[in-house]
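Input: a single structure, listed below in structure tokens.
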Amino acid sequence: MIYITSEVLNPQDVQHVTDVVRKNGNGAVVTFLGTIRDFSEGRNVLHLEYESYQPMAENMLHQIAEEVRSRWGIQDIAIAHRVGKLGIGDISLVVAIASPHRKDAFEASQYAMDRIKTIVPIWKKEVFEGGETWVGSPVDGTTTQAP
Amino acid sequence: MKVSVLFFALFRERAGTSSAEIELPDRATPMELMTRLRNEYSLLPVLDSVLIAVNSEYVDSDAPLHDGDEVAIIPPVSGG
């Protein structure tokens with residue numbers, strides 16, 4: 001189960017993404033949630049706007065799942081990413097990975113997050129008190145670091 | 001040949017559009033396309049930090065384009 005949605009990711013969705021990876025052979029399930037913070041780089045954040053190149057973003061999420069399969073032999077991985085306007089505290093991302101033992105599940109989760117933040121064509125604009133900025137883009141020569 | 005160019009995020013805002021049809025010489029490269037875009041769409045020199053995707057796959061900036069390609073200009077990503 002890998003998808004990008006503009007609908008709210010609510011607790012039932014988190015449960016569903018988690019349940020999808022639970023198989024009898026798995027002794028460890030790691031569920032990661034990305035959530036929207038209120039304070040970033042000294043700015044009071046009002047909301048975030050996520051945009052995606054959706055067909056390619058989904059392809060890249062599938063590719064990351066394939067990389068995880070290939071590297072750890074993990075078959076059970078599920079990802080849901082939300083786009084659109086997100087408020088403080090909202091869930092932007094759910095990644096659930098399951099494996100027989102916890103070491104692989106933890107390592108693969110960290111790897112998947114690093115890859116999601118590196119190759120997936122999704123962008124977030126931070127709207128804060130006093131302005132807005134596309135996270136990660138150089139602005140007038142100053143780079144805004146992705147949190 | 002003609003390619004469709006997709007703009008996202010910061011570039012979409014700066015270009016004032018999310019897409020454009022661009023006429024190019026046969027086998028023009030993404031690098032040549034970027035030079036055109038820089039001039040025609042007033043995009044900042046920060047284009048140095050972009051990646052290029054053709055038909056949803058990342059490509060090298062010197063890989064020749066083909067008629068009908070969908071070329072996405074990918075600014076630094078920030079998903080998650």
Side-chain angles (χ1 to χ4, degrees), chain A residues 4 32-37 40-41 48-64 79-83 86 91-95 109-110 112-126 132-147, chain B residues 2-22 29-31 33-35 37-39 41-80:
Chain A
I4 295 173
F32 174 90
L33 300 185
T35 58
I36 306 304
R37 287 186 290 136
S40 164
E41 307 279 331
L48 261 58
E49 295 172 18
Y50 278 83
E51 179 176 338
S52 80
Y53 179 20
Q54 186 146 345
M56 184 177 175
E58 285 174 346
N59 283 355
M60 290 294 108
L61 291 178
H62 281 282
Q63 178 181 310
I64 291 167
I79 303 172
H81 200 311
R82 180 179 163 202
V83 294
L86 273 71
I91 295 166
S92 56
L93 172 65
V94 187
V95 178
S109 297
Q110 179 125 44
M113 281 315 304
D114 290 346
R115 290 295 278 163
I116 286 170
K117 286 179 163 299
T118 306
I119 69 168
V120 179
I122 292 177
W123 302 269
K124 62 184 170 226
K125 180 164 77 170
E126 208 176 77
E132 56 182 46
T133 185
W134 286 98
V135 175
S137 275
V139 175
D140 296 334
T142 304
T143 301
T144 301
Q145 297 299 318
Chain B
K2 197 181 280 190
V3 301
S4 309
V5 178
L6 303 181
F7 300 109
F8 295 96
L10 181 65
F11 297 151
R12 176 180 54 73
E13 290 180 345
R14 297 245 194 251
T17 181
S18 57
S19 68
E21 299 284 307
I22 304 284
T29 65
M31 208 146 32
L33 170 63
M34 295 307 290
T35 304
L37 295 176
R38 213 172 261 133
N39 298 332
Y41 287 90
S42 313
L43 298 175
L44 300 174
V46 299
L47 287 179
D48 295 334
S49 55
V50 302
L51 295 175
I52 306 292
V54 175
N55 304 327
S56 291
E57 306 266 353
Y58 286 116
V59 299
D60 292 329
S61 59
D62 58 356
L65 299 170
H66 301 92
D67 188 54
D69 276 348
E70 177 176 280
V71 184
I73 314 300
I74 312 268
V77 300
S78 51

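Just so we're on the same page: letters track the sequence lines, and every chain starts at 1. Values below: every heavy atom of this structure, side chains too, minus hydrogens, waters and symmetry copies.
Of the two parts of A/S52, only the backbone, made up of N, CA, C and O, holds a non-hydrogen atom closer than 4.5 Å to a non-hydrogen atom of chain B. Neither the backbone nor the side chain of A/E58 comes within contact range of chain B, judged by heavy atoms closer than 4.5 Å. Looking at A/I122, both its backbone and its side chain come within 4.5 Å of chain B, counting heavy atoms on both sides.
Shown here are the side chain to side chain contact (heavy atoms under 4.5 Å, CB included) partners of B/T17, two or more places apart in sequence or in another chain: B/F7, B/A15, B/Y41. Judged as a salt bridge (charged side-chain N to carboxylate O under 4.0 Å, His left out), and not counting sequence neighbours, the contacts of A/E49 are A/K125. Residues passing the ring-ring contact (aromatic ring centres under 6.0 Å, His included) test with B/F8, sequence neighbours excluded: A/Y53, A/W123.
Heavy atoms only, all atoms of each residue included: B/G80 and A/Y50 are closest at O-OH, 2.6 Å. What you find for A/L48 and A/I36 is that their closest heavy atoms are CD2-CD1, 3.8 Å. Contact between B/G79 and A/K117 at its shortest, heavy atoms only, is O-NZ, 3.2 Å.
A/Q110 CD: 12 or fewer foreign heavy atoms inside a 6.0 Å radius.
With respect to chain B, the highest number of heavy-atom pairs below 4.5 Å among A/I119, A/V83, A/L93 belongs to A/I119.
Using a 4.5 Å heavy-atom cutoff, the side chains of A/I64 and A/V120 are in contact.
At a heavy-atom cut-off of under 4.5 Å, chain A is reached by B/A53, B/S56, B/E57, B/Y58 from residues 51-63 of chain B, listed in order of number.
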